[in-house]
Participant: 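One structure, pasted below without further comment.
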Amino acid sequence: AVPMRERGGETCIVVGVVQNMTLHPRTVGAAALHVYAFANGNTTLQLVHKTAVEETPAAVAHLGGRVLVGVGRTLRLYEMGQKRLLRKAELRGFPTMIQQLHVLSSSRIVVGDLAESFHYVSYKRAEARLAVFADTTVPRYLTAGCALDYSTLVGADKFGNLFVTRLPAETSDDADDTGLLAVDARRGTLNGAPSKADEIANFHLGEVATSLQKVTLGPGCTEVILYTTLLGGIGAER
């Protein structure tokens, strides 16, 4: 659900679709983004338009009234057009495939890669530029993720682990204060990001977690991480 700036903040539903998809090797016959608007007193959905994309759109989020989409290995920002979505910014070259998007603020996004854990991305709206300024040191085959705060995320991998990763305070402050100019000026080793997040906790569940949410289970209760698993389990950690 995306509140579209070009439609006066009207909430539209953006759906990523594929046809004739194979998993190995990963190919699609066709892929597109469908945009729907609510009609008839919010009781039905009406198709507004379709926008073709070249790879699987596996993750969709909203950023400042625009649509943020993971298209295969590419992070792309669209705005609403009359006949299709219009591309405004793009960042290519993620390791495997974007399957999660966590928007932490109007200038910070965390991208969850299928096999290479989390990547911290800075967005500079005035220049319509996206850049990776930090990533993690441990490759993870992600199955779920959830933002805990502005610098901290909890994730789950396909080997039954829960882990927490956090940006060092100096890295977070530097990205906010200096913007993308400082990020682009530095080069990481082995094509990695210039800064690294710290893994501060790891817990083996023994089952593959399929969903993670930060919730409170009742009035006055402490926040917990609620998870569900592939075998049908529901649990909480704090």
Side-chain angles (χ1 to χ4, degrees), residues 2 14 16 18 26 31 33 53-64 66-79 85 87-125 127-158 162-168 171-172 174-176 179-180 183-184 186-188 190-199 209-214:
V2 180
V14 183
V18 295
R26 185 178 294 107
L33 295 167
V53 293
E54 65 279 10
E55 294 185 63
T56 305
V60 180
H62 66 86
L63 177 65
R66 292 176 173 174
V67 186
L68 191 67
V69 186
V71 182
R73 298 171 59 199
T74 301
L75 180 63
R76 195 171 289 164
L77 185 65
Y78 291 98
E79 74 175 13
L85 294 173
R87 191 182 309 181
K88 302 303 293 183
E90 183 177 84
L91 178 60
R92 296 177 176 268
F94 286 89
T96 312
M97 177 181 174
I98 297 172
Q99 70 158 12
Q100 297 179 24
L101 292 172
H102 306 280
V103 178
L104 304 185
S105 72
S106 60
S107 61
R108 180 175 296 183
I109 306 147
V110 178
V111 174
D113 185 81
L114 182 66
E116 292 290 341
S117 197
F118 296 118
H119 299 256
Y120 292 79
V121 176
S122 184
Y123 172 56
K124 194 169 186 180
R125 183 168 184 169
E127 300 178 9
R129 297 178 64 199
L130 295 158
V132 176
F133 68 91
D135 58 12
T136 55
T137 57
V138 181
R140 298 275 190 175
Y141 286 80
L142 292 178
T143 60
C146 175
L148 299 181
D149 59 36
Y150 189 57
S151 301
T152 311
L153 285 98
V154 58
D157 66 23
K158 72 174 186 178
L162 279 183
F163 65 96
V164 179
T165 181
R166 176 178 294 158
L167 276 180
T171 300
S172 182
D174 182 62
D176 289 337
L180 297 183
V183 171
D184 291 341
R186 296 175 294 172
R187 296 291 181 183
L190 301 177
N191 296 323
S195 300
K196 301 295 178 183
D198 298 324
E199 189 164 302
T210 56
S211 177
L212 296 170
Q213 295 289 333
K214 184 178 73 169

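For reference, positions follow the sequence shown, starting with 1.
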Participant: Taking all atoms of both residues into account, what is the closest heavy-atom pair of E55 and G72, and its distance?
Facilitator: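 E55 and G72 have their closest heavy atoms at OE1-CA, 3.6 Å.
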Participant: Hey, are the side chains of L63 and I109 touching, using non-hydrogen atoms and a 4.5 Å cut-off?
Facilitator: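 SC-SC contact between L63 and I109 confirmed.
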Participant: For the residue pair V154 and F163, establish whether any side-chain heavy-atom pair is separated by less than 4.5 Å.
Facilitator: no
Participant: To the nearest 0.5 Å, tell me how far Y120 OH sits from S195 OG.
Facilitator: 11.5 Å
Participant: Okay, side chain of K214, backbone of L148: is any donor-acceptor separation there less than 3.5 Å?
Facilitator: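 Between the backbone of L148 and the side chain of K214 there is a qualifying donor-acceptor contact (under 3.5 Å).
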Participant: Which atom pair, heavy atoms only, marks the closest approach of A156 to L212?
Facilitator: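 Minimum heavy-atom separation between A156 and L212: N-CD1, 3.9 Å.
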Participant: L75 vs E90, test: side-chain contact (heavy atoms from CB on, under 4.5 Å). Steps then yes/no.
Facilitator: CA-CA 6 Å; L75 180 63; E90 183 177 84; over 6 Å; no
Participant: Looking at every non-hydrogen atom in both residues, tell me the closest pair between A89 and L130 and how far apart they are.
Facilitator: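 In this case the closest contact between A89 and L130 is CB-CD1, 4.1 Å.
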Participant: Please answer whether the main-chain N or O of F94 pairs with a side-chain N or O of R73 as donor and acceptor at a distance below 3.5 Å.
Facilitator: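 Such a contact is found between R73 side chain and F94 backbone.
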Participant: One pair to check against side-chain contact (heavy atoms from CB on, under 4.5 Å): L33 and Y78. What are the steps and the verdict?
Facilitator: CA-CA 11 Å; L33 295 167; Y78 291 98; 3.8 Å; yes
Participant: Kindly determine whether L68 and V103 satisfy side-chain contact (heavy atoms from CB on, under 4.5 Å), including the steps that lead there.
Facilitator: CA-CA 9 Å; L68 191 67; V103 178; 4.1 Å; yes
Participant: Could you tell me if the side chain of P57 sits less than 4.5 Å from the side chain of V18, heavy atoms only?
Facilitator: yes
Participant: Can you find a heavy atom in the side chain of Y141 that is under 4.5 Å from one in the side chain of E116?
Facilitator: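 Side chain of Y141 against side chain of E116, heavy atoms only: no contact under 4.5 Å found.
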Participant: Looking only at non-hydrogen atoms, find the nearest pair between H102 and A147 and report the distance.
Facilitator: ND1-N, 4.3 Å
Participant: Can a salt bridge be assigned to the pair R76 and E54 using a cut-off of 4.0 Å between side-chain N and carboxylate O?
Facilitator: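 Looking at E54 together with R76, the answer is yes, because their closest N to O distance falls below 4.0 Å.
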Participant: How long is the gap from NZ on K88 to CD on E79, to the nearest 0.5 Å?
Facilitator: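 That separation rounds to 4.0 Å.
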Participant: What I'd like to find out is whether the side chain of L91 reaches to under 4.5 Å of the side chain of T74, using heavy atoms alone.
Facilitator: no
Participant: Is it the case that the side chain of T56 and the backbone of A58 share a donor-acceptor pair, with hydrogens and angles ignored and the cut-off at 3.5 Å?
Facilitator: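 Answer holds: no.
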Participant: Side chains of D135 and K196, heavy atoms from C-beta outward: is any pair under 4.5 Å?
Facilitator: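 Yes, close enough: below the 4.5 Å cut-off.
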Participant: Just checking, any donor-acceptor pair under 3.5 angstrom between side chains of T152 and R166?
Facilitator: yes
Participant: Do M97 and V71 have side chains that get closer than 4.5 Å, going by heavy atoms?
Facilitator: no
Participant: Within 45° of the ring axis of Y123 and under 6.0 Å from its six-membered ring centre, is that where the NZ or CZ of R108 lies?
Facilitator: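 No, R108 and Y123 do not form such a contact.
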Participant: Would you name the heavy atoms of I98 and D113 that are closest together and state the gap between them?
Facilitator: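 That would be N-OD1, 4.4 Å.
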Participant: Please test V111 against L101 for side-chain contact (heavy atoms from CB on, under 4.5 Å), starting from the C-alpha separation and ending with a verdict.
Facilitator: CA-CA 5 Å; V111 174; L101 292 172; 3.9 Å; yes
Participant: Considering all heavy atoms of both residues, which atom of A209 and which atom of T143 are nearest to each other, and what is their separation?
Facilitator: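 So the minimum-distance heavy-atom pair works out to O-OG1, 2.6 Å.
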Participant: Do Q99 side-chain atoms and L142 backbone N/O form a donor-acceptor pair below 3.5 Å?
Facilitator: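 Checked: pair present.
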Participant: Please check this pair: side chain of D157 against backbone of R140, looking for a donor-acceptor N/O pair closer than 3.5 Å.
Facilitator: no
Participant: Could you grab the distance from atom OG of S106 to atom NZ of K124, nearest 0.5 Å is fine?
Facilitator: 13.5 Å
Participant: Is the shortest side-chain heavy-atom distance between T165 and D198 below 4.5 Å?
Facilitator: no
